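Everything on this sheet refers to the single structure shown next.
Counting from 1, the numbers follow the sequence of the chain as shown. Bear in mind the structure is a predicted one, so any value in this text is a computation, not a measurement.
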Amino acid sequence: MDFHLDLTTSWTVKFAAATAGGWTFDRAKGVCWLDVNRIEQLIRRDLAATNVGGAVGTYRFGLDITDAPAGFDADELRDYVSHRRSIKTLISVGQLPWPEIRHLDAKAQFTMFQACALGAVERVVAMKRRPRDFDAAAFRRAVSESVLGLACEHCTVPA
């Protein structure tokens, strides 16, 4: 199964990884320590050999890190889950509210990411209209093992 992590952020979210390229910002306003590209690579590697049935070839996890006070309220995407039959793709969205995570350390942000990703998996498993040729138990097991098997030190940017 192919995996993609689709990131949506508001302009107020600042990633620590951007400082490696020389970009500077006021860390007192909050920092996202997650290395989203590395997380996607690790999960993609783990799920590459996973087969959950002929109806699903791709799982897209939409991660929203947004700031409602800055005008980016993503309530319409809250708990969004979909199966795109024509392209054999499952989509599930998880949200990390920027005001809640902006001042947390890397470990706490990573823990919240894991909970968010696992919640998205549970929404897929609980879909009322799941694909016919879809092994929900194998999907849950594979994605959960991958997400829980991630190590914080490999998925966050050092301070």
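- Among residues two or more places apart in sequence or in another chain, the salt bridge (charged side-chain N to carboxylate O under 4.0 Å, His left out) test is passed with R60 by D6.
- Put simply, NZ on K14 and CH2 on W98 are 8.5 Å apart, with the number rounded to the nearest 0.5 Å.
- Residues passing the side-chain contact (heavy atoms from CB on, under 4.5 Å) test with A115: none are found, sequence neighbours excluded.
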In sequence, state the C-alpha distance, the side-chain angles, and the governing distance for T12 and K29, and then conclude on side chain to side chain contact (heavy atoms under 4.5 Å, CB included). CA-CA 9 Å; T12 54; K29 294 181 180 179; over 6 Å; no

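- Taken together through direct or relayed side-chain contacts under 4.5 Å among Ile, Leu, Val, Met, Phe, Trp and Tyr, I87 and L47 form parts of separate hydrophobic clusters.
- When all heavy atoms are compared, the tightest approach of M1 to V56 is SD-CG1, 4.2 Å.
- Minimum heavy-atom separation, F61 to V93: CE1-C, 4.3 Å.
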Donor-acceptor list for residues 150-159 side chains, cut-off 3.5 Å, not counting sequence neighbours:
residue, atom, partner, partner atom, Å
T156, OG1, C152, O, 2.8

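- Among all heavy-atom pairs drawn from L5 and E40, the shortest one is N-OE2, 3.0 Å.
- Between D79 and Q95 there is no side-chain heavy-atom pair separated by less than 4.5 Å.
- Contact annotation: the side chain of F15 approaches that of T9 to within less than 4.5 Å [non-hydrogen atoms, C-beta and beyond].
- Counting heavy atoms from C-beta outward, V143 and L118 have side chains that stay 4.5 Å or more apart.
- With D64 contributing its side chain and T66 its backbone, the two residues share no donor-acceptor pair below 3.5 Å.
- Annotation: side chain of V147 is not in contact with side chain of V121 (no heavy-atom distance under 4.5 Å).
- Checked against side-chain hydrogen bond (donor to acceptor under 3.5 Å, both in side chains), R84 has the following partners two or more places apart in sequence or in another chain: Y80, S82.
- Side-chain contact check for I65 versus I101: some heavy-atom pair is nearer than 4.5 Å.
- Residues that satisfy the ring pair (Phe, Tyr, Trp, His ring centres under 6.0 Å) test with F134, not counting sequence neighbours, are F139.
- In this view, S146 and D46 satisfy the side-chain hydrogen bond (donor to acceptor under 3.5 Å, both in side chains) rule, not counting sequence neighbours.
- Within the structure, no pair that satisfies the ring-ring contact (aromatic ring centres under 6.0 Å, His included) test touches residues 109-132, not counting sequence neighbours.
- Considering only residues two or more places apart in sequence or on other chains, E145 meets the side-chain hydrogen bond (donor to acceptor under 3.5 Å, both in side chains) condition with none of them.
- Side-chain contact between H83 and M127 is present, with heavy atoms from C-beta onward closer than 4.5 Å.
- Among residues two or more places apart in sequence or in another chain, the side-chain contact (heavy atoms from CB on, under 4.5 Å) test is passed with D133 by A55.
- With sequence neighbours left out, the side-chain hydrogen bond (donor to acceptor under 3.5 Å, both in side chains) criterion links D2 to H4.
- A donor-acceptor pair under 3.5 Å is absent between the side-chain atoms of R85 and the main chain of P131, judged by distance alone.
- Proximity of R38 to Q41: side-chain heavy atoms (C-beta onward) are separated by under 4.5 Å at one or more points.
- Applying the side chain to side chain donor-acceptor pair (under 3.5 Å) definition to pairs two or more places apart or across chains, those involving residues 102-128 are E122-R140.
- Side-chain contact check for S10 and D67: no donor-acceptor pair (N or O, by modelled atom type) lies under 3.5 Å.
- Sequence neighbours left out, not one pair with a member in residues 49-58 passes side chain to side chain donor-acceptor pair (under 3.5 Å).
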